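Here the structure is a predicted model, which means the values were calculated and not measured. What you see below is based on every heavy atom in this structure, not just the backbone, and it leaves out hydrogens, waters and symmetry mates.
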Amino acid sequence: MNKKLMIGAGVAFTLLFSPLHQTFAAESIGDVRKVDNVAHRGAAGYAPENTIAAFDKAVEMKADYIEIDVQRSKDGELVIIHDTTVNRTTDGTGKVGDLTFAELRSLDAGSWKGEQFKGEKIPTFAEILDRYHGKVGILIELKAPELYPGIEESIAQELKARNLDVPQNEKIIIQSFNFESMKMMNQLLPKVPIGVLTSSKLHTTPEALQEFSTYADYFNPSYGIVTKDLVDQVHSIGMKISSWTVRSQEAADFLLEMDVDAIITDYPDYVDPRN
């Protein structure tokens, strides 16, 4: 049974106020609307992406969520890195899935961003969960899960081991560009909110959005395809919308005007100037 049926008819009011869906919530206090501030790969504008330095900076900047990218080493360790190779963000070369955890851990994942970050390591999924859950929300992206058969089960196991698969433990969300993977995650973790990522206008039709709503809670498009009509469509079928990746104040201001529910950004201060 899919998530929408589990929590009743797919009515926007029910979805908005159910405990399961108290994430990326558009909260209103007077005339001030709360938009969740999601630190993309951590505060990646200020520290090397997907490292403890970046995630700590995001917490310091009072982000609502950190966004992480999960892949798997050759010997089965879940690790946090965006690209499917280590070439861009470390001093090594090769595919993530071809390197053992020891090999990945030996790499310097910080110096490329600045000498002050020398020695930053590729974190594990377990380390991120243990260090940050309860302190900040965690938006978990499965990066190229088609390269890692069974990674969905491994992620579900790590979350269940920490009781992060139940609705009272909010602020865990899972997303991917791989829709089949997200259907699987919805089956494995029916109480955890699911998001689908896209940069294609082909996925913004009423038919496509309705299909996504049968297993996902969030439609997360690149900001280049966001329109007010799209936001309204997504909200009308009981889903929420978070958009990426903000790297300018203009992009942040545009998405705030569009009334999205969350903004995924390298610069948390562009979304919330109090940072």
What about [X] and [Y], same hydrophobic cluster or not, with Ile/Leu/Val/Met/Phe/Trp/Tyr joined at side-chain heavy-atom distances under 4.5 Å?
| X | Y | answer |
| --- | --- | --- |
| Val59 | Ile128 | yes |
| Tyr270 | Leu256 | yes |
| Ile52 | Trp112 | no |
| Ile225 | Ile263 | no |

Item to check | ring pair (Phe, Tyr, Trp, His ring centres under 6.0 Å): pairs with one or both residues in residues 73-107, sequence neighbours excluded | outcome: none

Checklist entry - Which residue pairs satisfy the ring pair (Phe, Tyr, Trp, His ring centres under 6.0 Å) criterion with at least one member in residues 176-209, sequence neighbours excluded? => result Phe177-Trp244, Phe179-His203, Phe179-Phe212, His203-Phe212

Next on the checklist: Using the rule given for side chain to side chain contact (heavy atoms under 4.5 Å, CB included), can you reason through Ile140 versus Leu159, listing the C-alpha separation, both sets of side-chain angles and the distance that settles it, and then say yes or no?
Outcome noted: CA-CA 11 Å; Ile140 301 163; Leu159 292 173; 4.2 Å; yes

With sequence neighbours left out, write down each residue that passes side-chain hydrogen bond (donor to acceptor under 3.5 Å, both in side chains) with [X], or none if nothing qualifies.
| X | value |
| --- | --- |
| Gln71 | Tyr148 |
| Tyr267 | none |
| Glu146 | Asn178 |
| Ser200 | none |

Backbone of [Y] reached by a side-chain donor or acceptor of [X] within 3.5 Å:
| X | Y | answer |
| --- | --- | --- |
| Asp36 | Asp64 | no |
| Thr93 | Asn87 | no |
| Arg72 | Pro149 | yes |
| Asn37 | Pro268 | yes |
| Ser176 | Leu142 | yes |
| Asn220 | Leu197 | no |

Next on the checklist: Can you confirm whether Gln157 is buried at CD, in the sense that more than 12 heavy atoms of other residues, nucleotides or ligands lie under 6.0 Å from that atom?
Outcome noted: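 Atom CD in Gln157 is not crowded, with 12 or fewer foreign heavy atoms closer than 6.0 Å.
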
Checklist entry - Counting only heavy atoms not in Tyr223, do more than 12 fall under 6.0 Å of its OH? => result no

Next on the checklist: One pair to check against side chain to side chain contact (heavy atoms under 4.5 Å, CB included): Met184 and Glu153. What are the steps and the verdict?
Outcome noted: CA-CA 9 Å; Met184 189 181 305; Glu153 289 85 351; 4.1 Å; yes

Item to check | Qualifying salt bridge (Lys or Arg N to Asp or Glu O under 4.0 Å) pairs with a residue from residues 246-255, counting only residues at least two apart or across chains | outcome: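 Applying salt bridge (Lys or Arg N to Asp or Glu O under 4.0 Å) to every pair that reaches into residues 246-255, excluding sequence neighbours, yields Arg247-Asp266.
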
Checklist entry - Which pairs with one or both residues in residues 194-216 pass salt bridge (Lys or Arg N to Asp or Glu O under 4.0 Å), sequence neighbours excluded? => result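 Of all non-adjacent pairs touching residues 194-216, those that pass salt bridge (Lys or Arg N to Asp or Glu O under 4.0 Å) are Lys183-Glu211.
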
If every non-hydrogen atom of [X] is compared with every non-hydrogen atom of [Y], which pair is closest and at what distance?
| X | Y | answer |
| --- | --- | --- |
| Asp165 | Lys160 | OD2-CG, 3.4 Å |
| Met239 | Ala216 | CE-O, 3.6 Å |
| Ala44 | Lys113 | O-NZ, 3.2 Å |
| Leu209 | Ile237 | O-CD1, 3.4 Å |
| Thr51 | Ala109 | CG2-O, 3.8 Å |
| Val260 | Val226 | CG1-CG1, 4.3 Å |

Partner residues of [X] under the salt bridge (charged side-chain N to carboxylate O under 4.0 Å, His left out) criterion, sequence neighbours left out:
| X | value |
| --- | --- |
| Asp75 | none |
| Glu141 | Lys143 |
| Asp130 | Arg162 |

Item to check | Phe125/Ile68 under side chain to side chain contact (heavy atoms under 4.5 Å, CB included): CA gap, chis, key distance, verdict | outcome: CA-CA 9 Å; Phe125 183 51; Ile68 67 175; 3.9 Å; yes

State the [atom1]-[atom2] distance between [X] and [Y], to the nearest 0.5 angstrom.
| X | Y | atom1 | atom2 | result |
| --- | --- | --- | --- | --- |
| Lys240 | Asp217 | NZ | CG | 8.0 Å |
| Leu188 | Met182 | CG | CE | 9.5 Å |
| Asp69 | Asn50 | CG | CG | 4.5 Å |
| Ile80 | Phe55 | CD1 | CZ | 6.5 Å |
| Gln175 | Leu139 | CD | CG | 4.0 Å |
| Ile174 | Ile194 | CD1 | CD1 | 4.5 Å |

Next on the checklist: Could you tell me if the side chain of His133 sits less than 4.5 Å from the side chain of Leu164, heavy atoms only?
Outcome noted: yes

Checklist entry - Any Lys/Arg nitrogen of Arg105 or Glu127 sitting under 4.0 Å from an Asp/Glu carboxylate oxygen of the other? => result yes

Checklist entry - Taking atom types as modelled, is there a side-chain donor on Tyr132 or Asp56 under 3.5 Å from an acceptor on the other? => result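 Side chains of Tyr132 and Asp56: pair found under 3.5 Å.
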
Next on the checklist: According to side-chain contact (heavy atoms from CB on, under 4.5 Å), who are the partners of Leu99, at least two apart in sequence or on a separate chain?
Outcome noted: Val86, Glu103, Leu104

Next on the checklist: I'd like to know whether Gln210 forms a side-chain hydrogen bond (donor to acceptor under 3.5 Å, both in side chains) with Ser213, so could you lay out the CA-CA distance, the side-chain angles of the two residues, the decisive distance to 0.1 Å, and finally the verdict.
Outcome noted: CA-CA 5 Å; Gln210 191 62 51; Ser213 76; 3.3 Å; yes

Next on the checklist: I'd like to know whether Thr245 forms a side chain to side chain contact (heavy atoms under 4.5 Å, CB included) with Thr265, so could you lay out the CA-CA distance, the side-chain angles of the two residues, the decisive distance to 0.1 Å, and finally the verdict.
Outcome noted: CA-CA 5 Å; Thr245 300; Thr265 178; 5.9 Å; no

